[in-house]
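Taking it in order: structure first as structure tokens, then the write-up.
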2 protein chains.
Amino acid sequence: MSSPVPDGPAGADEGLRARKRAATQSALERAAVSLALEHGYDNVTVDMICEAAMVSPRTFFNYFGTKEGAFLGGTPPAPTDAEHQAFVHGTSRDVLGDLVGMIADAMADHSPDTDLLRRRRMLIERTPELLTGETSRIAELEEHLVKLVLERFAVQGRTEARTPDLADEARMVVSLAGSVMRYSMQKWFSGGFTGTPVELLHHSLALVRRVAGSIAPAAR
Amino acid sequence: MSSPVPDGPAGADEGLRARKRAATQSALERAAVSLALEHGYDNVTVDMICEAAMVSPRTFFNYFGTKEGAFLGGTPPAPTDAEHQAFVHGTSRDVLGDLVGMIADAMADHSPDTDLLRRRRMLIERTPELLTGETSRIAELEEHLVKLVLERFAVQGRTEARTPDLADEARMVVSLAGSVMRYSMQKWFSGGFTGTPVELLHHSLALVRRVAGSIAPAAR
DNA sequence: AGACAAAAATACAGTAACTGCATCGAAATC
DNA sequence: GATTTCGATGCAGTTACTGTATTTTTGTCT
């Protein structure tokens, strides 16, 4: 108690302000999911969530910007700088796999709250529109992801001079990653999958390979 | 010409009621696109559209159900029975290509109004959120499309007994088709593509094949 | 500890999308 | 021509979301 928190090394808190902020956000998300599980997503209003979490409606929108956001979790998945670098300088030839892995990591290191995740999963399972919403949120990252892939191509020495449609290829990689994520999330949230997320992604990637690989060039 | 429209083979009209209906729908769609091109999508309200098209706001929602609908075109793309059958009984090995082709057809035979299509394309080009919206509309068909693919598999003699995860495969085909459509639409609406839609689809499919094919099983 | 700056919570008023319901008028059916 | 059917409309209400000004809380500096 002598030194006034010089620079907490392993400290999980960054000041009381941030802690309170995290608390209210968490409270709102929990309230949202709980209410939706009880009454159904459509029958839950923002006001109800605010009352349960004891904050003003205006504050709600300061946090999430949209009603849906409270149910899906505050901030859309964004890769950290570390993940960014790891991907760009990855050496494997499996660009798609690495990209999917990065997105999955970004989604995972999001909220370590196991219980909330479980309840959220139940909710999404019975509320397909939320699945669509999450898909859209990921889609908003596309532009950024395309840049990442191009960066990685550059690091690997692939240039537009050698491959004229490199930008197209990057865009397609991102688009395919979207497919894999969508497929995986769908399978994950529909409950039919028993296993770890990592296994699920491998399963999905293998399936992509099989399906896309069986494309014959139309001409027999 | 003698019989009073017994069953018009090529007849374009199905009574005055239907014609009027089509007229107002068209008027609303035109007004919506025009206003958005002039003022920007966000700055156009439903009331403005209604005033321009001279219908009540209530009627607007009777037609489209959502504001976005007026800009994207009344009814979401749905394959006709003919297209349905053609796909299910297709003999080619390229399930993905055929599926994409069917969706494209469904979107094409939608509105033969070239001018409106051109203006809509301009609008979407400068309004990415609409692109996302159209993507979501297609996503709503997914369940249906999965059934179609499974039907086709059945016709081709592929059964769950032989391929345990046939349903998974079907789902992935649909998911990949989504990717191709998304990629194609993106490229189409971004204006960078000079060619017919059919060529674009071939380009996209080839790219999928190249990208997905280059997936090495991670282990080197 | 007390003054002061920064940030967050709130109140308030307003816009705009969307819905249910009852009514009215035109079109199809007989 | 009478009836039934269907689309258009008016109206009142709910709900998501925003801008702005005000108040409360928290961090900081002396």
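Here is the naming used below: chain letters follow the sequence lines, and residue numbers restart at 1 for every chain.
For residues 24-54 of chain B, the pairs satisfying ring-ring contact (aromatic ring centres under 6.0 Å, His included) are B/Y41-B/F71, with sequence neighbours left out. Among pairs with a residue in residues 130-154 of chain B, none fulfils ring-ring contact (aromatic ring centres under 6.0 Å, His included), at least two apart in sequence or across chains.
The nearest whole Å value for the distance from the CZ atom in B/R58 to the C1' atom in C/dG20 is 7 Å. What separates CD of A/Q25 from C1' of C/dA8 is a distance of 14 Å, to the nearest Å. Here C/dA9 presents its P atom at 14 Å from CZ of A/F60, a figure rounded to the nearest Å. When the P atom of C/dA8 is taken as reference, atom CE of A/M54 falls 20 Å away, rounded to whole Å. Summarising the geometry, the separation between CG on A/D42 and C1' on C/dC18 is reported as 13 Å, rounded to the nearest angstrom. If you measure from atom CG of B/L28 to atom P of C/dA17, you get 14 Å, rounded to the nearest angstrom. Taking atom CG on B/N43 and atom C1' on C/dA17, their separation rounds to 16 Å, with Å as the unit. Taking atom CE of B/M48 as the reference point, atom P of C/dT15 lies 15 Å away to the nearest angstrom.
If B/G65 and A/T59 are placed on DNA chain C by their nearest nucleotide, the residue sitting closer to the 5' end is A/T59. If B/P57 and B/R21 are placed on DNA chain D by their nearest nucleotide, the residue sitting closer to the 5' end is B/R21.
Taking the side chain as every heavy atom from C-beta outward, B/Y183 and A/D168 approach each other to under 4.5 Å. Residues B/L148 and B/E151 meet the side-chain proximity criterion, which asks for heavy atoms closer than 4.5 Å.
Look at B/R171 and B/E143 and you find a salt bridge, because one of the NZ, NE, NH1 or NH2 atoms lies within 4.0 Å of a carboxylate O, short of that distance.
To the nearest 0.5 Å, atom CZ of residue B/R30 and atom CG of residue B/D115 are 6.5 Å apart. Rounding to the nearest 0.5 Å gives a distance of 11.0 Å between CZ of A/R58 and SG of A/C50.
B/Y63 comes within 4.0 angstrom of sugar-phosphate atoms only, judged by non-hydrogen atoms across all strands, and of no base.
Take A/E134 and apply the salt bridge (Lys or Arg N to Asp or Glu O under 4.0 Å) test, not counting sequence neighbours, and it matches A/R137. Residues forming a ring pair (Phe, Tyr, Trp, His ring centres under 6.0 Å) with B/F64 (at least two apart in sequence, or on another chain): B/F60.
Distances shown here put a side-chain N or O of B/T66 below 4.0 Å from the OP1 or OP2 atom of C/dC18.
Proximity note for A/S56 (side chain, C-beta onward) versus C/dA17, C/dA11, C/dT19: the nearest is C/dA11.
Note that the first and last nucleotides of DNA chain D, 5' to 3', having any atom under 4.0 angstrom from a heavy atom of chain A are D/dT15 to D/dG27.
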Output one line per pair: protein atom, nucleotide atom from nucleotides 27-30 of chain C, and distance, for all N/O pairs under 3.5 Å.
from	atom 1	to	atom 2	distance (Å)
C/dA27	OP1	B/K20	NZ	3.4
C/dA27	N3	B/R17	NH2	3.4
C/dA28	OP1	B/L16	N	3.0
C/dA28	OP1	B/R17	N	2.9

